[in-house]
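In what follows, a single structure is set out as structure tokens and then discussed.
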2 protein chains.
Amino acid sequence: MKNSQVSTAVIRRLPRYYRYLTDLSIAGVLKISSKALADKMGVTASQIRQDLNCFGGFGQQGYGYNVELLRQEIGAILGVDKNYNAVLIGVGNLGHAIANHVKFEKRGIKLVGIFDIDEKLMGQEIKGIKVKHISELDEFCKEYQPKIAVLTLAKAETEKMMKQLCDLGVIGFWNFANMELKAPSDDITVVNVHLGDSLMTLCYDIKDKI
Amino acid sequence: MKNSQVSTAVIRRLPRYYRYLTDLSIAGVLKISSKALADKMGVTASQIRQDLNCFGGFGQQGYGYNVELLRQEIGAILGVDKNYNAVLIGVGNLGHAIANHVKFEKRGIKLVGIFDIDEKLMGQEIKGIKVKHISELDEFCKEYQPKIAVLTLAKAETEKMMKQLCDLGVIGFWNFANMELKAPSDDITVVNVHLGDSLMTLCYDIKDKI
DNA sequence: AAAATAAAGTGATTTTTTTTACAAAAAGTA
DNA sequence: TACTTTTTGTAAAAAAAATCACTTTATTTT
């Protein structure tokens with residue numbers, strides 16, 4: 001695997017390739033050409049080859065790519081094989097939905113704990129996980145060593161929660177509060193999800209179609 | 001306003017500018033320089049100016065940009081001033097969360113109808129809107145003329161629903177099913193939201209920080 | 001009022017990304 | 001086995017995006 005500063009444009013395309021290859025693999029498809037993959041992904045065959053060659057030559061001339069092998073390689077690049085533990089903090093509407101809707105397992109992530117401040121939610125079960133009170137977080141993290149935290153709390157509480165989790169060893173934050181959460185250091189990664197942004201680009205696109 | 005084929009890279013940045021300018025405006029800030037805005041957005045001042053000049057010169061040399069004016073201009077570019085009606089189909093965990101969490105009004109969108117197939121959900125109120133049965137959709141659309149549909153249904157039902165809504169005049173689809181929904185024609189825009197993709201880039205980023 | 005400072009707008013340059021084009025390798029076929 | 005087709009990997013070219021650098025226009029200060 002080559003690597004050495006791959007552009008984020010490439011990295012952003014990989015999850016889509018990975019998803020499609022997973023579908024193919026499940027469907028029992030053995031091989032695929034860059035052309036066929038490109039058509040499905042809505043990009044050029046050349047781009048697919050260029051993207052993959054950032055990491056190594058996974059294909060075979062005259063044959064194409066072995067679906068399952070390529071799937072595993074991309075998975076390894078993205079870190080799907082790492083099996084990180086994750087916690088989710090904030091069982092509102094959104095937290096509840098994320099826990100249920102996002103296929104963490106498919107991405108090599110194990111959601112091991114769900115926490116909230118609200119006492120009334122304790123004991124409730126989501127995806128087979130009992131909701132715990134935030135006061136149990138420290139002890140829990142010492143045991144399970146989660147590396148990723150999904151933050152689905154109110155703006156006001158989000159930053160404080162990140163700090164606490166950083167001290168407990170969490171290094172990746174997937175933040176859904178409507179704010180720009182900043183990583184406190186280079187060792188920490190924050191991904192801010194702004195659902196509304198993609199809605200606005202949708203608005204832009206339909207503007208002159210009306 | 002210039003326009004004439006602005007790159008998607010530019011368009012994708014606008015919602016972030018818009019969000020921040022809204023915050024500033026609410027805070028009562030009157031002016032901002034490209035440098036100050038750039039620092040907050042994590043881009044260069046030159047890029048901010050370049051981006052804005054795709055649409056026109058909204059600033060003033062020696063002064064900067066008027067916050068509220070720039071906010072409105074970007075809003076107009078994105079179509080926030082259009083006040084589209086929208087419907088949401090599928091009141092599962094996710095549909096429920098999207099309806100509550102996403103600030104449609106802030107983006108010039110009015111969520112006017114929420115629909116589901118499940119009879120048991122009828123009458124339930126979300127954000128002051130009574131959930132209606134899918135059988136009422138046709139009549140409803142004829143009256144309210146929604147241009148945007150938020151699809152939070154199962155994969156299997158999503159495509160069929162899009163077709164039905166297309167016939168009813170919907171031209172923008174915000175799809176949350178884990179699939180690549182394709183626009184049936186160039187007059188229709190589909191934005192597929194794959195929450196998991198950003199989680200995978202997060203995994204990639206923390207891979208060598210561990 | 002003149003000088004100094006601030007900051008947008010913009011053409012030119014640089015960098016990055018994407019596409020093209022083709023040689024090399026493998027697979028299929030006669 | 002030789003020939004044809006397929007398809008990758010990659011160097012080179014083209015296109016796109018981002019940055020630099022400078023001009024112009026305000027504003028502020030002396």
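Only a predicted model underlies this, so the values are computations on that prediction, with no experimental measurement involved. Below, chains carry the letters A, B, ... as their sequence lines are ordered, and counting in each starts from 1. Note: hydrogens, waters and symmetry copies are ignored here, and every other heavy atom, side chains too, is used.
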Closest to the [X] side chain, choosing from [options]:
| X | options | value |
| --- | --- | --- |
| A:Ser7 | C:dG11, C:dT17, D:dG9 | C:dT17 |
| A:Arg49 | D:dA11, D:dA18, D:dG9 | D:dG9 |
| B:Ser46 | D:dT19, C:dT18, C:dT20 | D:dT19 |
| A:Gln61 | C:dA8, C:dT19, D:dT8 | D:dT8 |
| B:Tyr65 | D:dT8, C:dT10, C:dA8 | C:dA8 |

message: Please tell me if B:Ser34 has a side-chain N or O lying less than 4.0 Å from either OP1 or OP2 of C:dA7.
response: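 Result: no.
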message: It should be established whether A:Gln47 places a side-chain nitrogen or oxygen under 4.0 Å from OP1 or OP2 of nucleotide C:dT18.
response: yes
Take the protein atom [atom1] of [X] and the nucleotide atom [atom2] of [N], then report the distance between them rounded to whole Å.
| X | N | atom1 | atom2 | value |
| --- | --- | --- | --- | --- |
| B:Ile32 | D:dT27 | CD1 | P | 18 Å |
| B:Phe58 | C:dG9 | CZ | C1' | 13 Å |
| A:Asn66 | D:dT8 | CG | P | 13 Å |
| A:Arg13 | C:dT16 | CZ | C1' | 12 Å |
| B:Asp51 | D:dT19 | CG | C1' | 12 Å |
| A:Arg12 | C:dT18 | CZ | C1' | 14 Å |
| B:Gln5 | D:dA15 | CD | C1' | 15 Å |
| B:Leu37 | C:dG9 | CG | P | 12 Å |

- prompt: Less than 4.0 Å between a side-chain N and a carboxylate O, is that true for B:Asp51 and B:Arg13?
  reply: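 A salt bridge is present here (some side-chain N lies under 4.0 Å from a carboxylate O).
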message: Reading DNA chain C from 5' onward, which residue's closest nucleotide shows up sooner: A:Val10 or A:Gly62?
response: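 Closest to the 5' end, via its nearest nucleotide, is A:Val10.
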Pairwise 5' ranking along DNA chain C for A:Val43 and B:Leu52, keeping only the more 5' one: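 Counting from the 5' end, the first nearest nucleotide belongs to B:Leu52.
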message: Between B:Tyr63 and A:Gly59, which residue's closest nucleotide on DNA chain D lies nearer the 5′ terminus?
response: A:Gly59
query: What are the two closest heavy atoms between A:Ser25 and A:Glu68, and how far apart are they?
result: OG-OE1, 2.6 Å
message: I need the minimum non-hydrogen distance between B:Met41 and B:Arg16, along with the two atoms involved.
response: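 Heavy-atom minimum between the residues: O-NH2, 2.7 Å.
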message: Is the shortest side-chain heavy-atom distance between B:Asn175 and B:Val191 below 4.5 Å?
response: no
query: Does one side chain, of A:Thr189 or B:Lys209, offer a donor that lies under 3.5 Å from an acceptor on the other?
result: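 Indeed, the side chains of A:Thr189 and B:Lys209 share at least one donor-acceptor pair under 3.5 Å.
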- request: Quick one: label B:Ser33 by what it contacts on the DNA or RNA (base, sugar-phosphate, nothing), any heavy atom closer than 4.0 Å.
  value: sugar-phosphate
message: What contact category does B:Thr44 fall into here, base, sugar-phosphate, or nothing, at under 4.0 angstrom with non-hydrogen atoms?
response: sugar-phosphate
query: Is there a donor on the side chain of B:Gln50 or the base of C:dT10 sitting less than 3.5 Å from an acceptor on the other?
result: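 Between C:dT10 and B:Gln50, which were checked side chain against base, a qualifying N/O pair under 3.5 Å is absent.
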- request: Could you tell me whether A:Lys110 sits above the aromatic face of A:Tyr84, with NZ or CZ closer than 6.0 angstrom to the six-membered ring centre and within 45 degrees of the axis?
  value: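 Pair A:Lys110/A:Tyr84 does not count as cation-pi.
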